[in-house]
Amino acid sequence: MSDLLANLNPPQLAAVTLPPQHALILAGAGSGKTRVLTTRIAWLLSTGQVAPSGVLAVTFTNKAAKEMQARLSAMLPVNVRAMWIGTFHGLCNRLLRAHHKEAGLPALFQILDSGDQQAAVKRMLKNLNVDDEKFPPRELCHFFNAHKEQGVRAAQAEVYDDYTRRRVELYAEYEAQCQREGVVDFAELLLRTYELLSRNEPLRQHYQRRFRHILVDEFQDTNVLQYKWLKLLADHGAEDGAKLFAVGDDDQSIYRFRGAEVGNMRDFEREFRVDSVIRLEQNYRSHGNILEAANAIIKHNRGRLGKNLWTDAGAGEPIRVFEGFSDLDEARFIVDETRELIRDGVPRSQIALLYRSNAQSRVLEHQLFTAGVPYRVYGGLRFFERQEIKHALAYLRLIANPDDDTAFARVVNFPARGIGARSQEHLQAAAHQANSSLYNAAASLSGKAGASVGAFVRLIEELRRDTANLPLPEMVEHVVEVSGLRRHYLGEKEGQERLDNLDELINAAVNFVQEESGGDLAAREEAGDLAAFLAHASLEAGEHQAGEGEEALQLMTVHAAKGLEFDVVFLSGLEQGLFPHENAAAEREGLEEERRLMYVAVTRARQRLYLSWAQTRMLHGQTRYCVASSFFDEIPGELLRRINPVAKPVYEAPRAGGRGGAARSSSASAADAAGLPNGLRIGMNVQHAKFGLGVIIAAEGRGADARVQVNFMDAGMKWLALEYARLTPA
């Protein structure tokens, strides 16, 4: 027993050895919650308080469930398989398999993953002759799943207007189709189990008597139905019901968009009359300065259950802050720093580049590719491998070469235009017989198929004609619009990220032209060659992906980083409107979730943390002027070291709490400032459309890379790219 409890700190020991009762364990980032959860189970078993069959442990990932099972097997000579340890979906599947008749399901019912579910919805819409552009399958799946996760069947769904009424009718049709076919989606697993236990009292009582201890990991991520399911199994309100041991961190609840309800933790504390709330606040991951920053940020959220992370590992290094004049400048700095870290012996796998939105990865990927640094996109696809990007590139490839059959086949029916698999088979047969491309064989088709394929060919001809004289970025933007890609993704409930990526493709074209022209304005037209851009995209998509097992930098969104930790973390794009995201700024709950996301990002770092932002960022192919994230204002200035981006690694003395940027060297030589356009020179008063009146105090670079430092009367010091700033003499 002493070995089992060895090396637990006092709060961990108190949590593990609680007598049988409902308990809430507030486990901060890096505080050893997995150890507490597994040791609690081992302690209950070893002290004879429960048999292995009386334990129900719920995790949020299969990986976490397997890790818990492995740890328990190492701790005690018990039959781990006798315990029910798994995800909500896995446990519900196990229960429904055992009681399929009572649940109204066939013995071999099948589970639909997200792709299968969308295919089933598409098939239903086709059978009902419903326009899938008016009712996109992906959006309908989200609608159905959201209702199920609230425990709402089609018969109980609220109707607000005719459009909602039709969606509810389709929900009912989908339920009927799944029942006929003996299939269930992921949301149905939980709802069907909850309904079965709710209406079947003998079965419910059986499981309530069996599971005497229910332990839940990541409780802050439970949704409404999951919490109701737990209350049902724990026999909420009964004195002799199961004891619910909930472990979670309300400060790390970042999945509201998936239905997670952070309020479940407070509801649990109230409804179960929890007397034991234990806070695990000692962090075993990060240095003190990182934790102080995280604490300072999250304390601005209201309604927290409250805790304060600390460590005995020492303060560590200050948090480094970088302000770039552009997103490219920011990316170059990050890549340069990673190369220095690697030279200093930091493993590439221990360096993470985090960002708020997937679209931000493109500029980072490009700089890493150029620098020859292996990297891996964690939990997602590299930029040029994403579905929406490959679709857009396929249209561009057809503009460059209509005989490209691979590109033709990819988008001939995307977005959907009524060209089904049979029509495409006829077209391929015709092309094979004529020994021609699919594009040229289209004229040989007749009937409805011929009309549909002919319309697609005319679209490609129209795109080729209308983009013939357009600059590359405008060509890309025109294709995204006229092809119907933007309209298609606008119709998706969760299509904003794909739209952001399409906008980033336009930015990629702008940057490609700038880099290929080498700053020479006269060379811009030649640099905008479509074939060269497509070759560039193919090279970046197909090469430099780190091989399996190869040491590589880790790129990921902050959401994907939850649960991970790294020696060094770069958090980029800390600008108002990007992080915190502009969609969240309008509501308190949204801003608080963004702050929790920031808290998660900061606490991923063990030893060194970089925070960076850019004064200008490409958006929709245009330059956007940015303001530093409000989160900078929430971090005490003494924790920060602002890096001078010109004369790195010379540092500016920390400034308390302010939002301002890093100091810039003003010692650029007169030669560097030579050749500024529009007669601009150092010392001249200038006017800017947004920042107003100012004076140029420094300049550097030439051509497209020229930039000036301006001291504005109202906006303060700014570095501006001359190509975009449109400064005029005052």
Side-chain angles (χ1 to χ4, degrees), residues 11 22-31 33 150 216 218-224 226-227 246-283 286 289-310 319 356 558-559 561-562 571 574-604 611 627-637 639-640 656-659:
H22 301 307
L24 177 59
I25 313 302
L26 288 177
S31 63
K33 70 176 178 64
Q150 293 288 322
V216 188
E218 305 286 9
F219 194 80
Q220 77 279 353
D221 292 333
T222 54
N223 62 32
V224 171
Q226 287 165 345
Y227 181 47
V247 181
D249 183 2
D250 55 331
D251 292 334
Q252 295 190 73
S253 180
I254 60 173
Y255 296 119
R256 190 167 67 115
F257 66 97
R258 293 182 187 168
E261 181 51 67
V262 67
N264 284 347
M265 296 187 77
R266 192 167 289 281
D267 290 344
F268 167 60
E269 183 182 9
R270 184 186 69 255
E271 293 174 1
F272 281 77
R273 299 175 184 172
V274 176
D275 295 324
S276 298
V277 177
I278 297 176
R279 289 168 170 79
L280 305 183
E281 298 174 302
Q282 183 174 1
N283 178 282
S286 307
N289 285 337
I290 293 169
L291 298 181
E292 285 299 314
N295 289 331
I297 292 165
I298 202 63
K299 75 179 183 182
H300 289 81
N301 274 4
R302 306 180 209 172
R304 296 172 59 228
L305 293 167
K307 65 184 177 312
N308 204 59
L309 296 178
W310 64 275
I319 296 168
R356 173 65 179 83
V558 180
H559 280 102
K562 185 173 180 290
L571 180 55
L574 277 169
E575 295 133 30
Q576 205 65 12
L578 186 56
F579 198 4
H581 197 277
E582 57 191 354
N583 292 346
E587 51 176 335
R588 195 191 84 182
E589 292 82 1
L591 182 58
E592 293 205 346
E593 176 120 341
E594 290 290 298
R595 190 173 284 114
R596 292 193 292 269
L597 197 58
M598 179 69 178
Y599 176 84
V600 166
V602 168
T603 54
R604 298 312 93 195
L611 306 177
V627 175
S629 169
S630 58
F631 293 144
F632 280 116
D633 292 339
E634 299 175 358
I635 303 175
L639 300 177
L640 305 176
R659 178 185 296 183

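These values consider heavy atoms only, across backbone and side chains, with no hydrogens, waters or symmetry-generated copies.
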Going by the rule side-chain hydrogen bond (donor to acceptor under 3.5 Å, both in side chains), which residues pair with [X] if we only count those two or more places apart in sequence or in a different chain?
| X | answer |
| --- | --- |
| Tyr255 | none |
| Asn301 | Arg595 |
| Ser286 | none |
| Lys562 | Glu218 |

Under the salt bridge (Lys or Arg N to Asp or Glu O under 4.0 Å) rule, collect the residues that match up with [X], sequence neighbours excluded.
| X | value |
| --- | --- |
| Glu592 | Arg588 |
| Asp275 | none |
| Arg604 | none |

For the CZ atom on Arg270, are there more than 12 heavy atoms of other groups (residues, nucleotides or ligands in this structure) within a distance under 6.0 Å?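 Yes, enclosed.
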Do [X] and [Y] come within less than 4.5 Å of each other through their side chains, counting heavy atoms only?
| X | Y | result |
| --- | --- | --- |
| Phe579 | Leu597 | yes |
| Lys33 | Ile25 | no |
| Leu640 | Ile635 | yes |

Asn308 side chain to Glu281 main-chain N or O, any donor-acceptor pair under 3.5 Å?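 No; judged by distance alone, with no hydrogens or angles, the pair does not exist.
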Keeping Arg356 on the side-chain end and Glu594 on the backbone end, is there a donor-acceptor pair under 3.5 Å?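 No; zero donor-acceptor contacts below 3.5 Å.
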Look at the rings of Phe268 and Phe219 and say which category their plane angle falls in: under 30° parallel, 30 to 60° tilted, over 60° perpendicular.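 If you compare the ring of Phe268 with that of Phe219, the planes turn out tilted.
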I'd like to check the side-chain contact (heavy atoms from CB on, under 4.5 Å) partners of [X]; sequence neighbours left out, ordered by chain and number.
| X | result |
| --- | --- |
| Arg273 | none |
| Val262 | Asp250, Ser253, Arg596 |
| Arg256 | Glu587, Glu589, Glu593 |
| Asn289 | Ala315, Leu639 |

Kindly determine whether Ser629 and Gln576 satisfy side-chain contact (heavy atoms from CB on, under 4.5 Å), including the steps that lead there. CA-CA 4 Å; Ser629 169; Gln576 205 65 12; 4.2 Å; yes
Distance-minimising heavy-atom pair for Pro11 and Ile278: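 Pro11 and Ile278 have their closest heavy atoms at O-CG2, 3.6 Å.
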Working to the nearest 0.5 angstrom, can you tell me the gap between Ile297 CD1 and Thr603 OG1?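 Reported value, rounded in 0.5 Å steps: 9.5 Å.
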What's the spacing between Gln220 CD and Glu261 CD if we round to 0.5 Å?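 Rounded to the nearest 0.5 Å, the CD-CD separation comes out at 12.0 Å.
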Please lay out, stage by stage, how Val558 and Leu571 fare under the test side-chain contact (heavy atoms from CB on, under 4.5 Å). CA-CA 9 Å; Val558 180; Leu571 180 55; 4.0 Å; yes
Just to verify, what does Tyr599 make a ring pair (Phe, Tyr, Trp, His ring centres under 6.0 Å) with, not counting sequence neighbours?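 Residues passing ring pair (Phe, Tyr, Trp, His ring centres under 6.0 Å) with Tyr599: none at all.
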Determine whether Gln226 and Val216 satisfy the following criterion, side-chain contact (heavy atoms from CB on, under 4.5 Å), listing intermediate values before the conclusion. CA-CA 11 Å; Gln226 287 165 345; Val216 188; over 6 Å; no
